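Each remark here refers to the structure printed beneath this line.
What you see is a predicted model, and the numbers here were worked out from it, not measured in a lab. Naming: A, B, ... by sequence-line order, numbering from 1 per chain.
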Amino acid sequence: MEVIDVIISGMINGSVYALMAVGLTLVYGVSKVFNFAYGSFYSLGGYLAFSILSFKIFGGYVTVLVLAVPALLLFGYVVERAIVAPLRRWSSWEVKVMMLTLGLALLMDNLFQITYGARVKSLPVIVEGSLTVGPVIVSWQDIAIFVLSVSGMFAFRWVLNNTWVGLAVQAVAQNPNGAQIVGIPRDKIFAATFAISTVMVGLGGILLSQKYFVSPNQGWDILVKAWVITAFGGMGSIRGSLYAAFIMGMLEAFVGWMFGLTWVQFALFGVLLATLAIRPQGLMGKWG
Amino acid sequence: MLKIEKLNAYYGEFHVLEDINMEVPRGQVVVLLGPNGHGKSTLLKSICGLVRSVKGNILYKGQNITGMSTSRLVSMGITYIAENRELFPFMTVQENLKLGAFSRAARPHLKENLDMVFTLFPRLAERKKQLASTMSGGEGRMLAIARGLMSNADLLAVDEPSLGLQPNLRLEVFRIIKEINKQGKTILVVEQNIPKIAEMADKIYVLEEGMITFEGDKEKVLSSEHMKEIFLGM
Amino acid sequence: MDGKRRILIMAVVFGLVALLPIFFGGSKVIMHILIMCLIWSVVASCWDLIMGFAGIFSFGQVAFFVIGAYASAIFSLRLGVPPIISTFLAGAVAAAVGVLVALPCLRLKGAYVALVTFAVHMILAPFLKSNMGRAIGTGGAQGLLTIPPISLFGYTFQNAEPIPFFYLTLVVAVICSLIIILVIMSHWGTAFLTLKDSEDFARALGVSALRYKLMVFALTSFLTGMIGGFYGHYVGMLSTRMLGIDLFVTLMIMLVIGGVGQYPGAVLGAFFTVTINEMLAPVGSYRPLILGAMVLILVLALPDGVVGLIRSLFNLGGRGARAGGRMK
Amino acid sequence: MKRLGLWAMALLLGLLVAVPVFAQEIKVGVPLAMTGPYTDTGDNYWKGIKMAIDEINEAGGLLKKKLVPVRFDTQEFAPERVMQGADYLCGQEKVMSVHAGWAGWGQDIRAYGKYDAPFFADDGSQAAVDVFKENPADFANIFQLTDTGINQAASMFRVLMALPYEYPNKKVVIIHADDAWGQEVGDTLEKNFKEKGWEVALKEKVPYGTREWGPILTTIRKINPAIIHVEIVSAQEVITFFRQFMKAPTSSILSYGYSIVPREVVETMGKEADGLIGEVPTAMPTPKAPTPEAQAWVDKFEKIYGHRPQAGSWAAYSGVKAWAAAVAAVGDETKLKEVNQYIATQGYKGETGMWKWDAEHVMRAGGDVPIGHYQVQDGEMVTIYTDPPTKPYLDFKFIKPRWIK
């Protein structure tokens, strides 16, 4: 019966990883921007939720979603337009973007620390209690996390395949020049995808914060995980990231259970390196 | 329709175009000839907003459009058709065409334009669901042109449409360009050295080393010794 | 910028640095900062060589530094190898690891290379702390606290007397810089530039991408590992804390300030960054905040670093001269 | 122009380093973690140190001179960083004493041992003591405010065995962090349990930042141990562990050792944490202090900071006071060797009684400064035992945790 526990734990983590990895891979696939501040955006989501909830206003998490999603969207858009986009005209701008976002991460993490203090912040649970089916116990909290991340992903897929913006995003990812020729405002799409990915990782931060708390330096862990997953799945491949997220979630749960938590990191990187050695483009990757 | 005055363009520190003056009258086919690497594509791209570091004036329907973004120009009716096609490889033919109608001006006409394109290119109608990356060179070229037509453009800027095609396909492409022109579109074509295209031109410009060295109709071109030398290798 | 000018600049910089103990020799703190400047200038230069010139997004520089530091310390502590020899062995160990890391990287591009090399960085701390690490003598989570100092011709370079150690470091840094300049000037340098511009083009020219990437990985990890070992013997103590994000970011700031691919900018960047980091120590938690803001401002305002700025101000060499030319 | 402006800004940032100088003052070095994961621990020490310095200054200063703290950010105690701190504080700023709190596991001894200013640390590390033993004459200025991890772990074990509670079985699970402290405590506990005939069913080393405990808890639920000991000095790890444990708790005593000390644990969890047990070395017992002076100190601390004293605050406070007492007795703060000699031989009379450092300059647990063992009751830490010797504290009682059936 323990196995079922482990599988459930893997599925729940996998679902959140998927949400966050897809955001990272989307931006890389569309605009070749590798965002080192991705983990700090996760923390931003957590701190936003914390700040909004601390006013104890009507609606709880619903209000958080209503307020935080537009705020994250705006934040992502502004960051892209103001500091990432200007770098594109320089030579080897990809490295410069990495450096810039690394600086942004440092700045944001320490802003959090100064504003909110070094201590962890705890958030109220989304739903209380747990569901017991025979020997298996799953908290409603975990179920809510799973449902919300999976539906977030479906919503994202729907937007991507059924709207003009979604189509434009795919077009830019597949051929930026072609996209420009047909009249897609490429720069705006770059900024839009950056904004969408900010929302995705920020949502991840909101969902996980009441389980894992909010603290200023927590983002690095998230960044590395999302990064490993996107590379494993193939950078720029959304479907690849989805599968990879669940595989890595399971792997993490099983390795932790069978060999101990210290081995989790070795296992994740080991699997990644082995995959890249055989398939340099990742599971279903396109070349980037 | 389109008037260019004293246009200069730069690639980084390279001065690519020097004081270009040019005119494309409404409803005509204007051909721009010239050897490889002398700035023809740059001129076309400057008109379409794909090269932004330009000085001088580009007037479209009397309005100064110098330095405007491509997306804006597309919605104003100027569409570029690239020499290397620039399709969306992992999308179907139909999706590629749909994206051709991305501009707000073109979206309402999506259906009628699709019908128009499929009549013009029956081959594409057969392959609606095929991925663009799996198409042959000739089909890809057709798709690129068809996608350009989807934007409801008045002025089509076509960059070396015959590049890399077999002779019979080239003729097919030129026939279609003429056909499109007959439907009322103004066309500016860049070509390298094909006398065939010169035949259908209403007006011809020659660009060498970033400067217009010749301008006139096809008779004038075909009779010029200098032209024969560079383009026909005679 | 041509080789002669680079050598000239480096000679002036190191010459000036060599004079500094006359003014600051009395202060251990300043001497220590100067020694750290020299050590980090080598690491930053290596990083610039691999990232700026060879165009490989290697994020493993701190890892190679730590590998070298541990290797040298373990050689001298466990096997009794004299430190002056063990630093070279440490370089060899780091180079071997570098080649091992490079092998899977050769088929990868951009962000993937960054990830694989950063993975080495991420795994290193848990490895050194694990039982495997303890077995080879890393001291586990506690680290190593009794690394012997370097002795040469009967003289022991103690960190309590910084002036002799400073000149030793200076000699090492000058040798490393010369090697780096020679590489940039040589056939390799040209090969790197073609590789960076277009790999396909370079292949067509017959430049073996694989061989050159392996070589640059090996060379930079050798130098980095060696200076890492050197550092270990200087400080006398080591722990895995160096693998935290702080040092990594600091190293990156050196490159941001110096400018990527603007050697010897990295050297200037190292001096500037180490100094400013020390000057900011009293402001405590505002230090990383200011560093972060500095990165943002500098990357946006000076994408080619200080050297790029100087070059554009005085129109030194390179691109500007060709302005006005025409294609073909 | 825009670029020039940005440059001017960068230059301004660089100029943020003016340190004011006063005539009659004594500089006191305070190297603490001000950034990075140990910031909160650093804060705990700072509260105690600041309180002591303010107290002395309000009373007219030390030898009529004003105490001025000089702070240094030790970040994560990387050896190089610690050494730089020593060179900066002792070499450059010429401070007359250094108060460091948790400062490392030996690198701090080497770094500050080079100088003579009294150095007070709260390392709790046998490794640090081993470094001291290499050269006691050279390191005469080093003073440890707490006992080693080995002795603290032994004390935890003694109290666990002394609890008025019948263990249903003899199985224990030990989870510890992968740092020097966690390793020292984990290994000692394992040894102690084994000697007593217990089965160490699982001993797991986990990295900092672990917040998903599902896999370990699955194993724990299968083992159903009588005791689970968690030794990770960071709040979010231990809070997440507890919350995920409580989803389906086993009948186990949950012992947190020193992991109970981050103030955030009880502050975040409140009454939810009721039942947890843990320890603090060099502890000020609460809620009722053992002496009137100690009670006054606790009340004053609560008045200033709005909460009960945290681990380390009192130890660091006492370090400053012990040094000040020695300086007052010697009559000259610059006679560093004499001050050290005085502290080592005379000790210090504190709020709970006498502080005496042993030959290894360690404040050994016991006497008037024992290790305090706590249980969270009604959302606050309550001293239930002191050790050594192991004895119940006043009439505070151990309460069987609510999750044990």
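Interatomic distance, CZ of Arg52(B) versus CZ of Arg89(A), reported as 13.0 Å (0.5 Å rounding).
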Side chains of residues 175-183 of chain A: which donor-acceptor partners sit under 3.5 Å, not counting sequence neighbours?
unit_1: Asn175(A); atom_1: OD1; unit_2: Asn177(A); atom_2: N; d: 3.2
unit_1: Asn175(A); atom_1: OD1; unit_2: Gly178(A); atom_2: N; d: 2.9
unit_1: Asn175(A); atom_1: ND2; unit_2: Glu86(B); atom_2: O; d: 3.4
unit_1: Asn175(A); atom_1: ND2; unit_2: Glu86(B); atom_2: OE1; d: 3.0
unit_1: Asn175(A); atom_1: ND2; unit_2: Leu87(B); atom_2: O; d: 2.9

Atom pairs and distances, side-chain donor-acceptor, residues 145-155 of chain A, under 3.5 Å, sequence neighbours left out:
unit_1: Ser149(A); atom_1: OG; unit_2: Ser15(A); atom_2: OG; d: 3.4
unit_1: Ser149(A); atom_1: OG; unit_2: Ile145(A); atom_2: O; d: 2.5
unit_1: Ser151(A); atom_1: OG; unit_2: Val147(A); atom_2: O; d: 2.7
unit_1: Ser151(A); atom_1: OG; unit_2: Leu148(A); atom_2: O; d: 3.2

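The number of heavy-atom neighbours closer than 6.0 Å to NZ of Lys178(B), taken from other residues, nucleotides and ligands shown, is above 12. Within 6.0 Å of CZ in Arg107(B) there are more than 12 heavy atoms belonging to other residues, nucleotides or ligands. Residue Lys6(B) places its NZ atom among 12 or fewer non-hydrogen atoms of other residues, nucleotides or ligands, all under 6.0 Å distant. Crowding of Arg157(A) atom CZ: a count of heavy atoms from other residues, nucleotides or ligands under 6.0 Å not exceeding 12.
Considering every non-hydrogen atom in both Ala171(A) and Leu99(B), the closest pair reads CB-CD1, 3.5 Å. Pairing each heavy atom of Trp164(A) with each of Ala101(B), the nearest pair is CH2-O, 3.5 Å.
Residue Lys98(B) touches chain A through both its backbone and its side chain, counting heavy-atom pairs closer than 4.5 Å.
Note on residues 131-146 of chain B: pairs passing side-chain hydrogen bond (donor to acceptor under 3.5 Å, both in side chains), not counting sequence neighbours, are Arg127(B)-Glu139(B), Gln130(B)-Thr134(B), Ser136(B)-Glu139(B).
Taking non-hydrogen atoms and a 4.5 Å limit, the residue list of residues 62-84 of chain B in contact with chain A, ordered by number, reads Thr70(B), Ser71(B), Val74(B), Tyr80(B), Ala82(B).
Contact count versus chain A (heavy atoms, under 4.5 Å) is highest, among Pro89(B), Cys48(B), Gly148(B), for Pro89(B).
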